[in-house]
Asker: 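Before I ask anything, let me first share the structure, which is written out below as structure tokens.
We name chains A, B, ... by the order of the sequence lines, and we start the count at 1 in each one.
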Amino acid sequence: MRSILESPRARGVLSVGYTNGARVSESSISVDELRSSVRDVLRRQFTREQRRLLADGSPPVRESLVSTAVELGWFGLSIPEHYGGLGLDLAHCVGLYEEIGAALAPLPIMTCALVAQVILRCASAGQKERYLAALAAGEHVGTLDGGAIPNFRIVNRRGERRLFGQTKTLLDGEGATLFLLRATCEDEQERWVLLDARERRLSGKSAASIDKTRSFGIFAADGLILGDDEVFSMPLTEEDALTSHACIALASDSIGGASAVFEETLEYLKTRRQFDRPVGSFQALKHRCADHRIQIDLSRALLTRAIRHAQEPPVLALAPMVSLAKAICCDAYGRVAADCMQLHGGVGFTWEHPCHLYLRRAKLNQHLFGSSIDCLDRGARALTLPVASGSPS
Amino acid sequence: MSRLPILCDEVLSGSAGREAFRSRLRAWLSENIPRDWVSTMSGASPARYAKMQRDWFNVLAQVGLGTAHWPKEWGGVELPLGHQVVVYEEMARLNAPTLSMYSVSLYHLPATMFAHGSEAQRSKYLSGVKERGDVWCQGFSEPNAGSDLASLRTRAERKGDRYVVNGQKIWSSFSMQADYCLLLARTNPEAPKKQAGISFFVMDMRSPGIQRRPIRQATGDEEFGALFLDNVEIPLENLIGAENDGWRIAQSTLSAERGLLIFDMAERMAGAIARDISGAGALAWWHDQELRRECMRIYGAMQGVRELIREMLEQIEADPHTVNSQLPPIVKISFSELLQRYNGWRMACAGLTSLLEQPRILGGGFHTGDVTMDFLETFALTISGGTNEVLRNVIAERTLGLPREAPR
């Protein structure tokens, strides 16, 4: 359908994809097809019962799910075809991230995609060849810091570059083999450091996150000597693109999660009876539900608009929109998930019930790659920089 | 009739499409919008405001823009929805006066007439709007029938060749200026359901027995009023549709403008907040982190609301007779509450001086610059058109499928 407003919607149909859970090349897949394919696979391979096992820290569920996702190409969704990925656009990524968020699937796909984006945009040709296909194939698992501030520094000593610093917040760090770190150099400029943990025989530890679907990695360096191609700079525009991918991914995950926990809550309110009637008939609860629906719809609409901005020139105009989308969508998820726990009453407060799993994931989303406050400030800076944003519209 | 080049077939059907239309429209608007209308409306009387509305309507009507969205048969050009959107975008961009006094005449009356009016009724009343600029008001709400409109008690009794009407109507916008009224009245008090005994009439506002009284609003304006109906005679031919079918007909009336007016308001808000931000660096609020972050939350939410409005308009464009859209109550609540929050934020930015009383700018909408009045004015949106509370019930029951509370 032609749009009645200025520009066409983000609704790409691309040349590579898969249907019915099978990897299919040379056919086209729309965002909706991708979405329903992902949903079907997750429904089959990651059941409610398995989700519950995951909360108790049962690793086999995760491993089998990861290998399925690798097989289906999800880890290479945004990696160009030339490097063994599917080369799909942002709108497709949104579909995948939303479904992962809705299912609470313990898949480090966003993290790997972000590592791949940095390698793709900034690393040497040799590293691209070496790592991109490996990330798409699940042979390497990437990790990077979930914070927004560099926690390493690079010091030159006798002609050698040495790495110092530590972090406890490498996202999805459990089992990761490729560490992407942010470091400040003596010239005060930031650089990326890419370490192949297997090759360098580096040992990181992992730490549990309060979000049972994800983990953190702990890594410390005390003078580690860095090779030339392990350090590379990232132009401001490229960093912008990376931040945008992270913001869009977390906003999508949040919309998917908020929708899922809200749907589950609605079902409960329709069936749970007290005072001889369904509790969902009480206006005090209905109005809250209406508000949650409005917040979810508004979040999705904002993300759609941000994506459209991201795909139209000037691309830099996307920075304020996606930052605001991240803050608003993740905050909405936090509020919706918390109130869904309340709306469930005692049942929502139990370990058995998934409400707390959603709330935990929402809280982590709110803090990853900059808090909501950081995102609002980033949006404000970008909106008033005429070069970066054009005029606000 | 004279039509300027923007509405000729060549532009409307040409391959250049909407952008050619936009550039011609923009050129025309920039020459024809009354240049100093904001300053002349500052401290103006309701009568002067009404004259400004009539003058602006006439300027638009002369080139066919007044009723451009109407079918050709009734003197319109069947302007496609996408082009109507352009009209509102350009009017918002250039801060043209909003034709508030003609909302019922231009949208609610035709929506009612096209679906339910007789040939004679259409001919008489639609041409009255087009040729003479007749102003219409709505006689729906009553002191005891607001959210619960179907419990209205104004009575219309058939006596020979006429109905005799007694009762009281309230919250009727521009009733002081109106030539005609779309009236709901009870014709069968014994009907098993309260919705079933209501009929829909055209009431000539010059009829004997109508007393009009303005109602002063919280802003001090007198845009709406009350109607006291004392043995007002309405001829049989002024019944719209069948007797006792008025409730169903009223649904057409209420769904008339289908998002364009809220689109207009949202575009005006987008323009206002863009102006706030573009001059921000030099302003005190920008350096107050709470105010700056609140501005960003509002700006982001506004982009979401604009996208929802766009989706709603796309649904209507794809299926003009759609009745299944879930979006209208969601759009209405989210926009009206965001506008209220925005104007509350502007008051906080302005500080104490925002409470100095200023001459009222009639017709200035929500962006007169007098931020306290702009804030007060937003309650016109959160309360009217279905209070946001009633609309939350609608979302909960129709969209979310939650059970009804008690029989209503």
Asker: Looking at E405(B) and K286(A), what are the two nearest heavy atoms and their distance?
Answerer: N-NZ, 3.4 Å
Asker: Apply salt bridge (charged side-chain N to carboxylate O under 4.0 Å, His left out) to the pair R308(A) and E307(B), showing each step before the final yes or no.
Answerer: CA-CA 11 Å; R308(A) 195 168 51 241; E307(B) 188 66 22; 2.6 Å; yes
Asker: Say you draw a straight line from CG of D291(A) to CD of E337(B); how long is it, rounded to the nearest 0.5 Å?
Answerer: 7.0 Å
Asker: What residue in L285(A), I294(A), L269(A) has the most heavy-atom pairs under 4.5 Å with chain B?
Answerer: I294(A)
Asker: Pick whichever of L402(B), I395(B), I330(B) has the most heavy-atom pairs under 4.5 Å with chain A.
Answerer: L402(B)
Asker: Closest heavy-atom contact between A380(A) and R292(B)?
Answerer: CB-CD, 3.9 Å
Asker: Working to the nearest 0.5 angstrom, can you tell me the gap between M302(B) CE and L298(A) CG?
Answerer: 11.5 Å
Asker: Drop me the distance from E397(B)'s CD to C289(A)'s SG, to the nearest 0.5 angstrom.
Answerer: 12.0 Å
Asker: Identify the two heavy atoms, one from L400(B) and one from A290(A), that lie closest to each other, and give their separation to 0.1 Å.
Answerer: CD1-N, 4.0 Å
Asker: Tell me, please, which residues at least two apart from D331(A) pass salt bridge (charged side-chain N to carboxylate O under 4.0 Å, His left out).
Answerer: none
Asker: Strictly less than 4.5 Å between heavy atoms, which residues of residues 271-280 of chain A line up against chain B? Please order them by number.
Answerer: P278(A), G280(A)
Asker: Find the distance between OH (Y299(B)) and CD1 (I328(A)) and round it off to the nearest 0.5 Å.
Answerer: 11.0 Å
Asker: Check whether I333(B) gets within reach of chain A through its side chain, its backbone, both or neither, counting any heavy atom under 4.5 Å.
Answerer: side chain
Asker: Which region of E389(B), side chain (C-beta onward) or backbone (N, CA, C, O), has a non-hydrogen atom less than 4.5 Å from a non-hydrogen atom of chain A, or is it both or neither?
Answerer: both
Asker: Any pair with a residue in residues 294-304 of chain A that passes salt bridge (Lys or Arg N to Asp or Glu O under 4.0 Å), sequence neighbours left out, goes on the list, sorted by first then second residue, please.
Answerer: E98(A)-R300(A), R293(A)-D297(A)
Asker: Between L302(A) and G300(B), what is the shortest heavy-atom contact and its length?
Answerer: CD1-O, 3.4 Å
Asker: Between atom CE of M296(B) and atom CD1 of I373(A), what is the distance when rounded to the nearest 0.5 Å?
Answerer: 12.5 Å
Asker: List the residues meeting salt bridge (charged side-chain N to carboxylate O under 4.0 Å, His left out) with R293(B), not counting sequence neighbours, and say none if there are none.
Answerer: D377(A)
Asker: Contact between H287(A) and N393(B) at the side-chain level, heavy atoms closer than 4.5 Å - yes or no?
Answerer: yes
